[in-house]
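For the numbers below, each heavy atom of this structure counts, side chains included, while hydrogens, waters and symmetry mates do not. For this chain, numbers begin at 1 and follow the sequence in order. In listed order, ligands and their atoms are each counted from 1.
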Amino acid sequence: MIRIENLHKSYVTGLNKLHVLKGIDLDIRSGELVSVMGSSGSGKSTLLNIIGILDNYDQGNYILDNLLIKEMSEKKAALLRNKYIGFVFQSFNLISFKNAMENVALPLYYQKVSLKKRNLAAMEFLDRMGLKEWATHHPSELSGGQKQRIAIARALITKPKIILADEPTGALDTATSYEVMEIFKEINDLGITVIIVTHEKDISEMTNKIIRLKDGFIESINGEKLLVDEYEKEYSHV
Ligand code: ADP
Ligand code: MG
């Protein structure tokens, strides 16, 4: 589903260049439940944003479902995001002046689905999250866990193949975090590929593949170190 080859990404601000991803190689198969770990600033969000076609990269290849994602127009990127990807963020990113149902329905508005149809679909996804009774409530009236479940319903409403979640439990207490992780597991059980960025060990241990980033490289996958010399040996021919 996702193939990343020798991916490099730098940020340039003024005269400074920050090399964040320094040659990432990664394969994620359809239906995997993956976490990305690493200390703050290690490039987790950068990698996730590239996978989500929210950002471009400088070197290497990113292949999504056999499609090379490179130097793409914003219009094409938006179409592909719409088709493949649902996003969940730490801060929920709900619209405060819209109620729960309207928030969940929003992606269908951009797909020009009629009001009646998109609200019906939103109610169905709210129901799946156990939040049907909260449909007319605004985000300020909801708990963190409820807000995140609404954000997940919004991510699912376009029936994506991949859910990308950037520290989705970062603003939640432990018990609520575990509830949200149960939802991600259920989503994954439906066959949707789920990639979760986290710096919490217990959260990552609920996934089936733990990718650890360090200094711009993948340090380990499931605890198995990719030692630098071995790494260089293996890829020196490329
Ligand atoms: P993480 O999510 O692992 O904390 P990020 O991917 O957000 O790390 O950031 C990696 C590094 O790149 C950090 O040093 C951060 O300050 C820097 N960075 C992130 N986004 C930008 C940007 N848009 N412009 C400049 N620097 C950035
Ligand atoms: Mg981040």
Next item on the list: Say whether Gly38 and ligand 1 are in contact under the criterion: heavy-atom distance to a ligand atom below 4.0 Å.
Entry: no

Checklist line | Within 6.0 angstrom of Lys214 NZ, more than 12 heavy atoms from elsewhere | finding: no

Next item on the list: Indicate the ring-plane relationship of Trp134 and His137, choosing parallel, tilted or perpendicular according to the 30° and 60° boundaries.
Entry: tilted

Check: Of all the non-hydrogen atoms in the protein, which one sits nearest to atom 23 (N) of ligand 1, and at what distance?
Finding: Tyr11 CE2, 3.7 Å

Margin query: Show, in sequence, the C-alpha distance, side-chain angles and deciding distance for Arg81 and Glu74, and conclude whether the salt bridge (Lys or Arg N to Asp or Glu O under 4.0 Å) test is met.
Written below: CA-CA 10 Å; Arg81 279 199 298 271; Glu74 180 43 42; 2.6 Å; yes

Margin query: Please list the nearest protein heavy atom to atom 7 (O) of ligand 1 with its residue and the distance rounded to 0.1 Å.
Written below: Ser45 CB, 3.6 Å

Check: Side chains of Asn16 and Tyr11: donor-acceptor distance under 3.5 Å anywhere?
Finding: no

Next item on the list: Run the numbers for me: atoms of ligand 1, each under 4.0 Å from some heavy atom of Val20, listed by number.
Entry: 10 (C), 11 (C), 12 (O)

Check: At what distance is the nearest protein heavy atom to atom 6 (O) of ligand 1, and which residue and atom is it?
Finding: Thr46 OG1, 2.5 Å

Notebook entry, point to check: Ion pair present between Asp55 and Lys9, side-chain N to carboxylate O less than 4.0 angstrom?
Noted result: yes

Notebook entry, point to check: For atom 4 (O) of ligand 1, what's the nearest protein heavy atom and its distance?
Noted result: Gly41 N, 2.7 Å

Notebook entry, point to check: With a 4.0 Å cut-off, strictly under, does atom 26 (N) of ligand 1 pick up any protein heavy atom?
Noted result: yes

Margin query: Any nitrogen or oxygen of Thr13, side chain or backbone, less than 3.5 Å from one on ligand 1?
Written below: no

Notebook entry, point to check: Looking at atom 8 (O) of ligand 1, what's its closest protein heavy atom, distance included?
Noted result: Gly43 N, 3.3 Å

Margin query: Within the 4.0 Å heavy-atom shell around Ser39, which atoms of ligand 1 are there?
Written below: 3 (O)

Next item on the list: Output yes when the distance from some N or O of ligand 1 to some N or O of Leu18 is under 3.5 Å, and no in every other case.
Entry: no

Check: Should we say atom CD of Gln111 is surrounded by more than 12 heavy atoms from elsewhere, each under 6.0 Å from it?
Finding: yes

Note to self: Is the positively charged end of Lys161 above the ring of Tyr84, judged by distance under 6.0 angstrom from the centroid and angle within 45° of the axis?
What the structure shows: yes

Checklist line | Tyr110, OH: over 12 other non-hydrogen atoms inside 6.0 angstrom | finding: no

Checklist line | the Mg ion (ligand 2) to nearest N/O/S of Ser40 below 2.8 Å | finding: no

